[in-house]
> 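Handing you a structure now.
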Protein chains: 2
Amino acid sequence: MDKAYKTIIVDDHPIVISGISGLLSDLESVEIVGKLQSGVKLVEYIEENEVDLILMDIFLPVINGVDLCKTIKQKYPQIVIIGMSSQSERSLVMQFIQNGGNGYILKSASFEEFKRCINKAIEGEIVFSDEVKAIISQPQSEDLERIPSLSRREKDIVMLLSKGKSTQEIADELFLSFLTVQTHRRNILQKYKTKNVAELMAFLLKNNLLNA
Amino acid sequence: MDKAYKTIIVDDHPIVISGISGLLSDLESVEIVGKLQSGVKLVEYIEENEVDLILMDIFLPVINGVDLCKTIKQKYPQIVIIGMSSQSERSLVMQFIQNGGNGYILKSASFEEFKRCINKAIEGEIVFSDEVKAIISQPQSEDLERIPSLSRREKDIVMLLSKGKSTQEIADELFLSFLTVQTHRRNILQKYKTKNVAELMAFLLKNNLLNA
DNA sequence: ACATTTTTACCTGATATCAGGTAATACAAA
DNA sequence: TTTGTATTACCTGATATCAGGTAAAAATGT
């Protein structure tokens with residue numbers, strides 16, 4: 001047997017970490033070297049230690065899981081990263097994979113599924129738990145349907161919109177022209193093909209693109 | 001010592017269940033008699049078995065945790081029910097307690113906190129994990145700040161709003177007058193003291209009042 | 001150094017929303 | 001039976017949004 005994969009679990013919930021580590025202790029091929037509760041700590045850790053496999057929650061405080069994955073993969077492309085979350089939004093999973101993720105598991109997956117996915121992932125495959133598979137294989141259309149991300153300024157504006165601010169109020173608050181804010185609004189709506197801010201908000205919140 | 005509390009864990013994520021049950025195995029006062037993945041199964045179980053303590057996730061598929069708690073407490077007021085969730089929204093916690101919940105724990109709580117809360121709860125206290133405490137004690141004003149709920153019709157309209165429909169489109173779809181929908185809109189905005197639908201959507205989604 | 005994206009800004013006109021009223025009917029609870 | 005809430009509906013006027021266009025700095029990345 002090859003040496004065991006040095007594995008890190010990242011989740012902001014201690015119980016989840018404990019659950020996963022219990023499960024992983026059955027697997028000979030992995031060795032848990034770290035249990036972390038934030039993306040920041042993860043980045044710090046891998047700068048100083050050797051890591052082969054990361055199991056991480058997508059919804060982490062402060063840093064978004066997708067961005068975190070991207071950052072790590074840029075510096076350490078050899079590390080296998082598997083994402084996890086409670087609900088699976090097709091678009092989110094796609095984003096994660098497009099940013100270098102090696103797999104995606106729903107937390108509602110069974111122990112067997114978890115083990116299967118982890119084993120396959122360290123063999124180099126891109127893996128999904130059953131429910132995730134079902135979801136991402138729904139529209140087999142050609143559209144890769146990559147979710148565009150918001151620019152910094154756009155995020156500012158979306159934040160204020162979610163607080164009920166009007167175009168004028170946003171302009172005042174950000175020291176911009178009314179017309180500029182109007183342009184941003186239009187661009188944002190267009191980006192997500194939404195008809196108005198109501199739909200936009202619903203979309204962003206469902207895809208967790210707001211608090212990131 | 002009294003006999004151990006017959007305890008059920010309800011969560012749709014097997015790993016979370018495993019994490020919690022690992023933690024509870026340290027406590028002599030509780031005995032895990034069931035690990036369930038849905039509210040429906042929970043209701044079935046307690047109809048046929050004796051249960052003293054329930055630890056349950058608030059975000060469960062199909063049935064909302066608050067309603068579930070209410071239902072159970074109506075028939076079995078002696079059962080101690082502790083709610084759990086990932087994020088804590090003040091309003092949600094209050095709702096849970098108002099519906100008979102005996103405590104609320106954030107999943108980000110430490111093991112020690114978990115244990116402390118469970119022990120206190122079976123002694124009859126209403127318990128909150130530290131983070132929850134911090135959140136619910138913020139505005140110490142007299143307002144019980146009960147979140148008003150949407151009526152059936154209002155829910156219909158809010159659903160359509162979240163899909164980007166305009167007042168006219170909603171009126172057509174629900175066979176109502178444009179003016180009626182306008183009135184509903186105004187009432188809904190007023191109910192939550194929101195300035196426009198954007199803020200409304202953000203509020204509803206953050207408080208999980210939309211898909212419930 | 002060049003290409004791309006982001007951020008800034010302007011114009012116009014058609015629609016839509018929001019805030020202020022009022023009020024009748026219906027249905028459930030007290 | 002009365003009270004209250006929900007649902008329906010109308011009116012007006014001020015403001016805001018949305019959709020169509022264009023375009024020039026400024027920043028970012030390669």
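Note on naming: letters A, B, ... go to the chains in the order of the sequence lines (proteins, then strands), and numbering restarts at 1 for each one.
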> Return the value, rounded to whole Å, for the distance between atom CG of B/Leu150 and atom C1' of D/dA6.
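Interatomic distance, CG of B/Leu150 to C1' of D/dA6: 13 Å.
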> So for the helix from C/dA1-D/dT30 to C/dA30-D/dT1, with five pairs setting each end axis, what is the inter-axis angle to 10°?
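It works out to 80° between the end axes.
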> In chain order, what residues pass the side-chain hydrogen bond (donor to acceptor under 3.5 Å, both in side chains) check against B/Lys195, with sequence neighbours excluded?
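Partners of B/Lys195 by the side-chain hydrogen bond (donor to acceptor under 3.5 Å, both in side chains) criterion come out as none, since no residue qualifies.
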> Hey, can you pull the residues of residues 161-175 of chain B with a non-hydrogen atom under 4.0 angstrom from DNA chain C?
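Within residues 161-175 of chain B, the residues near DNA chain C are B/Ser166, B/Thr167.
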> Check nucleotides 10-13 of chain C against the protein and report each pair of N or O atoms closer than 3.5 Å, with its distance, or say if there are none.
unit_1, atom_1, unit_2, atom_2, d
C/dC10, OP2, A/Ser177, OG, 2.6
C/dC10, N4, A/Thr183, OG1, 3.2

> What's the closest nucleotide to the A/Arg152 side chain, out of D/dT28, D/dA6, C/dC18?
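Looking only at side-chain atoms, A/Arg152 lies closest to D/dT28.
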> Provide, to the nearest angstrom, the distance between the CG atom belonging to A/Leu176 and the P atom belonging to C/dT6.
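About 16 Å, once rounded to whole Å.
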> Rounded to whole Å, please give me the gap between CG in A/Leu189 and P in C/dT15.
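Result: 19 Å.
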> Within the 4.5 Å heavy-atom criterion, are B/Val33 and B/Asn49 side-chain neighbours or not?
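Not touching, per the 4.5 Å side-chain cut-off.
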> Name all residues meeting the side-chain hydrogen bond (donor to acceptor under 3.5 Å, both in side chains) criterion together with B/Asp172; count only those two or more places apart in sequence or in a different chain, and write none if there are none.
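In terms of side-chain hydrogen bond (donor to acceptor under 3.5 Å, both in side chains), with neighbours along the sequence ignored, B/Asp172 is linked to B/Gln168.
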> Taking the six-membered ring for Trp, are B/Phe96 and B/Tyr104 ring centroids under 6.0 Å apart?
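Ring centroids of B/Phe96 and B/Tyr104 are less than 6.0 Å from each other.
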> Roughly how many Å is it from CD in B/Glu199 to C1' in D/dT17, rounded to a whole number?
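Taking atom C1' of D/dT17 as the reference, CD of B/Glu199 is at 17 Å.
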> Starting at atom CG of B/Asn187, determine the distance to atom C1' of C/dC18, rounded to an integer number of angstrom.
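Distance check: B/Asn187 CG to C/dC18 C1' gives 13 Å.
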> Would you tell me if any nitrogen or oxygen in the side chain of B/His184 comes within less than 4.0 Å of OP1 or OP2 on D/dT8?
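It does, given that an N or O in the side chain of B/His184 lies less than 4.0 Å from OP1 or OP2 of D/dT8.
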> Going by side-chain hydrogen bond (donor to acceptor under 3.5 Å, both in side chains), name the residues that satisfy it together with B/Ser177, two or more places apart in sequence or in a different chain.
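Testing B/Ser177 for side-chain hydrogen bond (donor to acceptor under 3.5 Å, both in side chains), a comparison that skips the adjacent residues, returns none.
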> What pairs with A/Lys193 under salt bridge (charged side-chain N to carboxylate O under 4.0 Å, His left out), at least two apart in sequence or on another chain?
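For A/Lys193, no residue satisfies salt bridge (charged side-chain N to carboxylate O under 4.0 Å, His left out) once neighbours in sequence are set aside.
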> Tell me which pairs pass salt bridge (Lys or Arg N to Asp or Glu O under 4.0 Å) where either residue lies in residues 63-86 of chain B, with sequence neighbours left out.
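Pairs touching residues 63-86 of chain B that pass the test: B/Glu47-B/Lys75.
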> Show each protein N/O and nucleotides 27-30 of chain C N/O combination with a separation under 3.5 Å, one pair to a line.
none

> Suppose we screen for side-chain hydrogen bond (donor to acceptor under 3.5 Å, both in side chains). Which residues come up paired with B/Glu154, at least two apart in sequence or across chains?
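B/Glu154 satisfies side-chain hydrogen bond (donor to acceptor under 3.5 Å, both in side chains) with B/Ser151, B/Lys191 once adjacent residues are dropped.
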> Let me know the distance between CD of A/Gln190 and P of C/dT6, rounded to the nearest Å.
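Those two atoms, CD and P, are 14 Å apart.
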> Calculate the interatomic distance between B/Lys191 atom NZ and D/dT7 atom C1'; express it in whole Å.
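Rounding to the nearest Å, NZ of B/Lys191 and C1' of D/dT7 are 11 Å apart.
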> Considering only distance and modelled atom types, tabulate donor-acceptor pairs under 3.5 Å from the side chains of residues 10-17 of chain B, sequence neighbours left out.
unit_1, atom_1, unit_2, atom_2, d
B/Asp11, OD1, B/His13, N, 2.9
B/Asp11, OD2, B/Lys107, NZ, 3.1
B/His13, ND1, A/Ser108, N, 3.4
B/His13, NE2, A/Ser86, OG, 3.3

> Does NZ belonging to B/Lys163 count more than 12 external heavy atoms closer than 6.0 Å?
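Counting neighbours around NZ of B/Lys163, 12 or fewer heavy atoms of other residues, nucleotides or ligands fall under 6.0 Å, so no.
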> Under 3.5 Å, is there a donor-acceptor pair between the side chain of A/Asn102 and the main chain of A/Val80?
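Flag not set: sc A/Asn102 to bb A/Val80 has no pair under 3.5 Å.
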> Could you check how far NZ of A/Lys195 sits from P of C/dA14, rounded to whole Å?
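From A/Lys195 NZ to C/dA14 P: 22 Å.
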> Tell me whether A/Tyr5 contacts the main-chain N or O of A/Ile122 through its side chain, where contact means a donor paired with an acceptor under 3.5 Å.
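Looks like yes, one N/O pair under 3.5 Å.
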> Tell me if a side-chain donor or acceptor on B/Thr194 pairs with a main-chain N or O of B/Gln190 at a distance below 3.5 Å.
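Absent.
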> By salt bridge (charged side-chain N to carboxylate O under 4.0 Å, His left out), which residues pair with A/Glu169, not counting sequence neighbours?
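Salt bridge (charged side-chain N to carboxylate O under 4.0 Å, His left out) check on A/Glu169 returns nothing, list empty.
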